Amino acid sequence: MEKKAIPFVRALYALVFAIGVGLSVTLYRDSAILNEDTVKYLDNGIAMYAGIAALRGHIATQESILYEYYATTGSPVFKTRWEDNQRAIDDSWAVLSNQFGRYPRTDVVTQVIAEIRSLSGALERTLNDVPIDWDRAREILEQVTEKSLIASTSLSTLSDDLQQRMHEYRNQVENRIGMVNTSARYYIGAILVIAVLAGLFLSAYLSGVRERQRLAMFVEKNPNPVLRLTRTGDVEYVNPGAWATLMALGVPAEAPLSLLPQDVRERVRNLTAQSSDWAHWQYTVLGRDYEANVHWLRDFKVFHVYLRDISERVRAERRLEHMAFHDPVTDLPNRRRFLSDIQTSLELGEQGAVLLIGIERTQRIIDSMGHGIADRLYQILSRRLTEIVADFGGGYVTAHVYRYEGEIFGVSLTNPATSGTASQLAMDIVTRFGDPLLVDQYELFLGASIGCCHYPADGQDAISLISRADQALQQVKGGGGGFHAYASGLSAAARERLLLENHLRHALERGELSLAYQPQVAFADGAVAGVEALLRWEHPVFGSLPPGKFIPLAEETGLIQPIGEWILRTACHQAKAWREGGMPWIRIAVNLSARQFITRDIIKTISDALNHSGLPPQYLEVEITETLAMQDVPHSIEMLRDLKALGVCIALDDFGTGYSSLAYLRQLPLDRLKIDRSFVCNIEQDAGDALLVRSIIDLGHNLGLKVIAEGIESQNQYDFLNRIGCDEAQGFLFCRPIRGAEVESFIGQQGDTSGKRMPIRLSS
Ligand code: C2E
Ligand code: CA
Ligand code: CA
């Protein structure tokens with residue numbers, strides 16, 4: 001509406017002006033004509049009235065002259081007067097009849113005048129006859145009188161007609177004046193309506209203009225930079241906010257354009273060309289990120305550019321973006337980026353290889369050197385890996401390194417030069433990871449295991465490619481380093497694993513699982529203090545399978561959850577059953593696996609097992625390995641405290657292999673340390689191990705814990721441990737793991753013996 005306002009208002013005024021001029025001219029002309037007509041008409045009418053009166057006088061005079069002529073019998077004086085009067089009659093009539101024009105009643109007057117003239121002639125002749133015929137003369141005079149009367153009547157009628165005509169003309173004038181009046185009224189009305197409309201329109205328009213002018217004032221107060229540009233992109237005005245910004249950035253105040261994008265003129269030109277009123281720009285100048293809202297102000301024919309420094313926001317966004325796709329410790333692209341890069345490459349139809357690199361022994365090093373080393377270790381590892389990959393191939397292939405998870409790194413190779421490229425790189429990595437790594441002055445020997453697969457041959461999507469590479473990695477992992485490429489079809493080992501997994505799924509329901517119990521005896525009196533429950537799998541075809549073979553499988557597949565529950569229930573019931581069979585209460589130790597220890601479900605599982613069996617909690621002991629407890633110490637502390645709250649005992653299994661820090665150990669609510677078998681079996685030959693075992697016992701006692709040694713096979717081992725103050729013993733020297741029913745007879749037998757030497761009871 002605003003755009004059309006001015007032409008519209010102009011058009012209205014032009015219209016008003018045109019109507020005004022037109023009507024003024026018409027009115028003036030009409031009244032002038034009317035005036036002229038009226039004057040002419042009135043003059044004419046008055047003259048005619050006078051003419052009629054005069055003619056009537058002349059005719060009466062003529063009559064009296066004729067009478068006097070008769071009385072004086074033709075005196076020449078009267079003849080002259082008659083002739084003069086006759087001329088006056090003729091002239092008057094000539095003028096009058098001319099004024100009336102062709103009018104029927106005038107004929108009567110013309111005729112009467114002619115008849116009076118001829119009667120006058122007849123009278124003259126009669127009076128000039130000798131003798132004078134007086135009768136004839138009187139008769140003529142009577143006729144003259146009669147004609148004069150007719151003339152007078154006719155002239156009266158003409159006078160009436162004239163009056164009628166004047167009346168009509170008056171009416172006509174009245175009408176014409178009325179018409180002029182009416183058109184003047186219409187004109188005034190029209191002018192009023194137009195004036196009101198234009199007034200309303202103008203006031204709306206002016207208030208719009210005022211509002212825009214008021215808004216334009218805000219610019220001055222705005223703390224952010226605001227610039228006013230001409231339509232060619234020249235700076236016309238800069239607000240105080242912009243001066244302040246320029247000053248803060250150390251830019252000379254004469255260069256306000258440096259706050260705008262370099263191609264600002266072109267941008268402004270484009271806006272004008274597209275006749276758009278608004279634009280939003282985001283750009284970087286002077287090392288800062290800006291957002292500009294550009295408005296075209298039509299009333300002023302300028303652009304207002306409102307700037308906002310969004311550097312902080314942009315930086316935060318970039319940081320978030322970076323964090324989403326990078327590992328915080330090594331700053332390498334993370335697993336998500338790995339997957340998406342592989343997926344993109346697949347979608348582009350490229351060929352490539354996916355490598356999963358597991359660094360060996362990292363967990364062990366972290367456990368022994370403390371968690372503080374972990375981040376540095378992974379950073380050094382990532383640097384070495386990145387170097388090896390960068391050195392490789394001299395840029396012939398595109399290779400990227402990722403942190404996949406934990407100690408596993410990923411490498412993607414795009415468009416490898418040959419099919420052997422991936423294995424060359426893998427061998428390079430394996431070889432160079434054979435060299436020691438220097439971390440905090442320690443030389444560490446690690447080693448890399450690599451699984452690899454190729455696309456598109458080995459898979460059509462990122463997830464399956466990574467899982468294939470992982471399958472290949474599992475083939476070599478744990479062996480201290482090596483490389484394996486995924487080959488379609490499974491390897492023999494993988495096939496066996498799959499087969500075992502299938503059987504394990506049904507082992508529980510088919511009753512193939514059972515528990516064996518290995519007694520633990522006290523050095524003090526040789527009495528059985530407890531037993532360790534150990535899982536056994538008796539397969540109808542494969543025979544008895546060692547737990548070392550199927551427990552890791554149960555862990556990986558998650559089958560350990562139901563199996564673990566079953567173990568806890570069975571062990572608790574067994575302990576309760578022994579007591580009910582007349583045996584004293586003995587402690588029963590159950591091993592917890594890593595997967596069970598991660599979730600809090602285990603707390604409920606244990607308390608349910610205790611509740612169902614009715615076993616007092618102090619007779620249940622849970623064993624977790626030192627390595628597992630040290631993996632996530634805060635979590636372990638929390639879990640162990642909750643377990644402790646149930647009233648159960650806690651033993652730290654395989655102690656000595658995990659290099660626990662004393663500080664951590666102190667925080668764990670433990671009851672028992674179990675010295676790992678590997679130290680026990682060497683104490684006779686290895687003085688170092690003997691020393692270690694001694695210090696473990698001291699340490700345990702200092703912490704107020706009992707210490708138990710497992711894997712005692714010889715009398716010497718037993719004697720040594722007894723000497724150095726170990727509390728309890730477990731091993732083949734006393735008893736192999738045996739059936740539940742055998743435990744009762746073992747204890748019965750045990751009861752008879754006293755002294756330090758334990759009988760060796762080998763179970764079959
Ligand atoms: P572990 O917890 O260290 O269990 C002790 C292992 O040492 C048992 O092997 C036991 O038979 C063996 N052993 C005991 N005394 C001697 C000895 O004098 N000489 C020798 N050479 N070995 C001895 P087993 O039963 O084969 O179990 C191996 C591992 O499997 C266990 O090590 C434990 O980590 C795991 N495991 C066994 N049963 C369970 C279970 O019920 N649950 C969980 N989570 N893990 C279990
Ligand atoms: Ca154990
Ligand atoms: Ca152990």
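Atoms within a ligand are numbered from 1 in the order they appear, just like the ligands themselves. This structure is a prediction, so every number in the text was calculated from the model and none was measured.
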| task | Just go through T625, I712, N591 and tell me whose heavy atom is the nearest to atom 44 (N) of ligand 1. | result |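 Checking each option, the heavy atom nearest atom 44 (N) of ligand 1 is found in N591.
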| message | Is it true that Q520 and E728 share a donor-acceptor pair across their side chains at a distance under 3.5 Å? | response |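 Side chains of E728 and Q520: no pair found under 3.5 Å.
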| query | Under 3.5 Å, is there a donor-acceptor pair linking the side chains of Q379 and T330? | reply | no
Under a 4.0 angstrom heavy-atom cut-off, which atoms of ligand 1 come close to [X]?
X	result
S593	44 (N)
E713	17 (C), 18 (O), 19 (N), 20 (C), 21 (N)
I551	35 (C), 36 (N), 37 (C), 38 (N), 39 (C), 43 (C), 45 (N), 46 (C)
D653	2 (O)
P547	24 (P), 25 (O), 26 (O), 27 (O), 30 (O), 37 (C)
D654	3 (O)

With nothing but distance in play, are any N or O atoms of [X] less than 3.5 Å from an N or O of ligand 1?
X	answer
L535	yes
Q518	yes
E532	yes

| said: If you apply the rule side-chain hydrogen bond (donor to acceptor under 3.5 Å, both in side chains), what do you find for R739 with S514, and how did you get there? | reply: CA-CA 9 Å; R739 298 280 143 206; S514 65; 3.1 Å; yes
| said: For distances below 3.0 Å, what is the count of protein N, O or S atoms around the Ca ion (ligand 3)? | reply: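 Count of protein N, O, S atoms less than 3.0 Å from the Ca ion (ligand 3): 4.
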Would you tabulate the side-chain donor-acceptor contacts of residues 427-438 under 3.5 Å, counting partners in other chains and residues two or more places apart, or write 'none'?
from, atom 1, to, atom 2, distance (Å)
T431, OG1, M427, O, 2.5
R432, NH1, D391, OD2, 3.2

